[in-house]
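Following: one structure in structure tokens, then a few remarks.
In listed order, ligands and their atoms are each counted from 1.
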Amino acid sequence: MSLRPAILNPLFAPAASLPGVGPKMAGLLDRLLGEAERPARVLDLLFHLPHGGIARDLKGSIAEAPIGETLTLKVRVSEHRPGLQRGKAPYRVLVEDDSGDVLLVFFNMPRDRIQKLLPIGSERYVSGKLELWDGYRQMVHPDRILDERSIRELPAVEAVYGLTEGVSSRVLGKFVAAALERVPALPEWQDPAWLARNGFPAFAEALGRLHRPADAAETDPEASAASPPRRRLAYDELLASQLALALVRSRMRRQPGRSNVGDGRLVAKLTDTLAFALTGAQERALADIRRDMASDKRMLRLLQGDVGSGKTAVALLAMASAIEAGRQAAIMAPTEILARQHFERIEPMVRKAGLRAALLTGRDKGQERRRVLLALAEGSINIVVGTHALFQEEVEFRDLGLAVVDEQHRFGVHQRLALGAKGAAVDMLVMTATPIPRTLALTYFGDMDVSVLDEKPAGRKPIATRLVSAERMDEVIAAVGRAIAAGDRVYWVCPLVAESEVVDLAAAEDRYAELRGIFGDAVGLMHGRLGGREKDTAMARFAAGETKVLVSTTVIEVGVDVPEATVMVIEHAERFGLAQLHQLRGRIGRGERPSTCLLLYKGPLGPTAKARLEMMRETDDGFRIAEADLNLRGEGEVLGTRQSGLPGFRLARLELDGDLLTAARDDARLAVERDPRLASERGQALRVLLYLFERDAAVRLIGAG
Ligand code: ADP
Ligand code: MG
């Protein structure tokens with residue numbers, strides 16, 4: 001049941017409902033703009049902003065037209081040069097004006113079509129990117145070829161959109177125009193004085209101006225960074241997210257917490273079963289956590305610690321504290337593999353202490369699942385380890401005291417809320433291995449209290465990182481052979497080729513076959529397409545040393561812990577985000593022996609790619625890497641949201657709009673303070689905003705109204 005205001009319905013209607021969108025086109029749009037389980041909607045089209053524009057105004061003569069730019073020229077068709085009938089050679093058409101000539105180049109285009117579009121002697125307007133090739137000006141596949149009459153019907157600037165196979169920018173533009181027609185008049189949720197001060201247009205107008213730019217310069221990514229319509233929408237989105245956080249916070253404040261500590265005996269007992277002494281940083285974090293848990297306010301604490309800093313032990317002891325207080329604890333991990341790994345590590349210790357732990361993931365079905373659910377509801381299970389399955393509706397606790405969320409950034413705010421809502425006054429501990437720069441922490445966590453594990457467990461050997469050209473594959477394979485012979489284990493991560501799992505998989509399978517040809521049964525394979533149990537088996541065999549080389553796509557990225565692994569090979573390292581490389585590298589260097597990370601790249605590297613890889617070689621300080629990543633690539637990479645496909649920001653770019661973030665936070669807080677139920681006129685408008693940006697899980701906290 002959705003409480004979404006009816007006024008927004010036209011925007012949430014499927015894109016297929018727009019005029020001219022047939023079933024085939026609908027499928028293409030779904031692929032371009034939809035998500036796994038929902039089709040593309042009108043809104044998705046509107047939020048798919050153009051990334052450039054083609055000016056219809058003419059750039060003077062051919063001789064003066066700037067090379068490298070997308071522009072329109074007025075030309076005369078002077079000569080056709082067909083390629084060989086059967087060959088791969090392109091079909092070329094020479095066009096000219098009084099100042100010079102340009103070759104239009106067509107690959108795989110029916111020649112009768114070309115001849116019809118460009119009859120010899122005719123005058124045409126051609127739009128496209130002007131390039132210099134072998135000393136000649138050329139334009140490959142012009143975006144548009146028009147005659148005098150049709151060019152007059154075009155807008156002065158045509159928006160250019162990111163494309164997918166089968167949907168051209170022009171076609172997309174047509175649907176966007178239809179989508180713009182459907183934008184309703186929405187109540188203004190922004191403060192009028194703020195709007196005026198920034199010169200922000202109204203929401204609908206902002207969308208219109210971005211999709212129908214008045215001049216091409218406006219659509220240039222750099223110029224549009226500062227353009228009021230884009231900034232307006234960015235602010236809307238930031239405001240929605242900050243408002244959601246402010247509502248969570250205010251609700252947490254309104255609800256009293258409970259003391260979730262007991263006499264300390266259980267904590268002491270579990271501390272004894274750990275194979276190591278806690279680091280000073282772990283002790284400090286635990287002291288923070290116990291203080292929060294003891295107080296009658298709800299804990300909302302973020303535990304930040306680089307990979308390998310030992311967050312799991314901290315979580316375990318915090319959970320012990322909740323159990324001492326007579327309550328239950330839950331820990332949620334983002335993947336099945338991680339949940340299982342946590343369970344396998346935690347369960348024996350918990351059992352030794354006379355308690356019961358259970359695992360609950362989406363994979364558990366039927367009888368066993370019902371047994372766990374029942375035991376949770378009656379309280380005979382003290383600790384449950386699980387995945388997203390934990391916040392489904394059927395899951396009930398007798399009395400949940402503490403919820404721990406691991407690798408937090410992979411979950412959205414609403415998922416965090418859902419787990420927190422499983423009990424009367426649940427203390428929340430969220431953990432992240434991604435060192436998050438301050439601005440980002442603000443967006444994703446509002447202002448939680450923060451503890452940092454800034455000290456790694458003693459005895460760790462540093463990891464040597466080397467950059468190796470992919471041409472030296474033989475040497476890399478030889479090094480892997482030596483590592484295996486010495487009893488070590490090796491991760492071999494295959495490249496992200498095309499952000500397509502199918503393609504990635506093919507690469508991993510090829511490499512697997514090749515390495516298997518060399519090292520035989522010692523090589524295992526792991527990827528996202530394997531079923532859950534197969535993944536477990538692959539992981540377990542590697543952990544047990546039955547396989548010594550694990551070829552994998554990036555599914556091993558987060559959290560996996562095999563101390564014997566000392567070599568990490570990453571192919572096409574230049575294609576990964578820095579944070580992701582850091583995470584991957586964090587899988588090694590966990591044991592007593594020195595480790596090596598080989599970053600394979602395919603040259604030549606551009607300056608940015610080079611700087612990034614060198615950064616990896618220079619430092620293993622996650623914070624430095626994260627800051628650099630933010631500067632070089634943008635926030636989606638830092639948080640890994642792009643890879644994991646979670647909704648991040650669609651319009652706001654934190655590297656451009658960071659200044660708006662603080663304003664949005666203050667704005668949101670004040671709004672909630674003045675009007676906690678969002679009942680006033682502005683409050684109602686803000687509700688619309690929350691739904692518009694799909695931050696509406698927060699609305700449930702304050703009820704309909
Ligand atoms: P992360 O913070 O990345 O989740 P883990 O909790 O997986 O790190 O811990 C990484 C490894 O370090 C594990 O093998 C764990 O048993 C070990 N470990 C944790 N704390 C300590 C410590 N204080 N001394 C030695 N080893 C530790
Ligand atoms: Mg971990």
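Contact check on Lys602 versus Glu571 returns no salt bridge, with no Lys/Arg side-chain nitrogen under 4.0 Å from an Asp/Glu carboxylate oxygen. Between Glu394 and Arg369, at least one side-chain N (NZ, or NE/NH1/NH2) sits under 4.0 Å from a carboxylate O, which counts as a salt bridge.
Residue-to-ligand polar distances place Ala277 within reach of ligand 1: an N/O pair is separated by less than 3.5 Å. Close N/O approach between Gly310 and ligand 1 is found [any backbone or side-chain N/O within under 3.5 Å].
Heavy-atom separations between Ser309 and ligand 1 include at least one value shorter than 4.0 Å.
Annotation for ligand 1: atoms under 4.0 Å from non-hydrogen atoms of Thr279 are 23 (N). With ligand atoms numbered from 1 in the order given, ligand 1 contributes 3 (O), 7 (O), 10 (C) to contacts under 4.0 Å with heavy atoms of Arg590. Per-residue contacts place Thr312 under 4.0 angstrom from the following atoms of ligand 1 (heavy atoms of the residue considered): 4 (O), 5 (P), 6 (O), 7 (O).
Checked by atom type, the side-chain pair Arg301/Ser451 shows a donor-acceptor distance below 3.5 Å. A donor-acceptor contact closer than 3.5 angstrom links the side chains of Thr465 and Arg585.
With a 4.0 Å heavy-atom cut-off, ligand 1 is reached by no atom of Met431. With a heavy-atom cut-off of 4.0 Å, Leu278 touches ligand 1 through its backbone alone.
Sequence neighbours left out, the pairs with a member in residues 539-548 that pass side-chain hydrogen bond (donor to acceptor under 3.5 Å, both in side chains) are Arg541-Glu546. Counting only residues at least two apart or on different chains, the salt bridge (Lys or Arg N to Asp or Glu O under 4.0 Å) pairs with a member in residues 331-341 are Glu336-Arg340, Glu336-Arg363, Arg340-Asp536.
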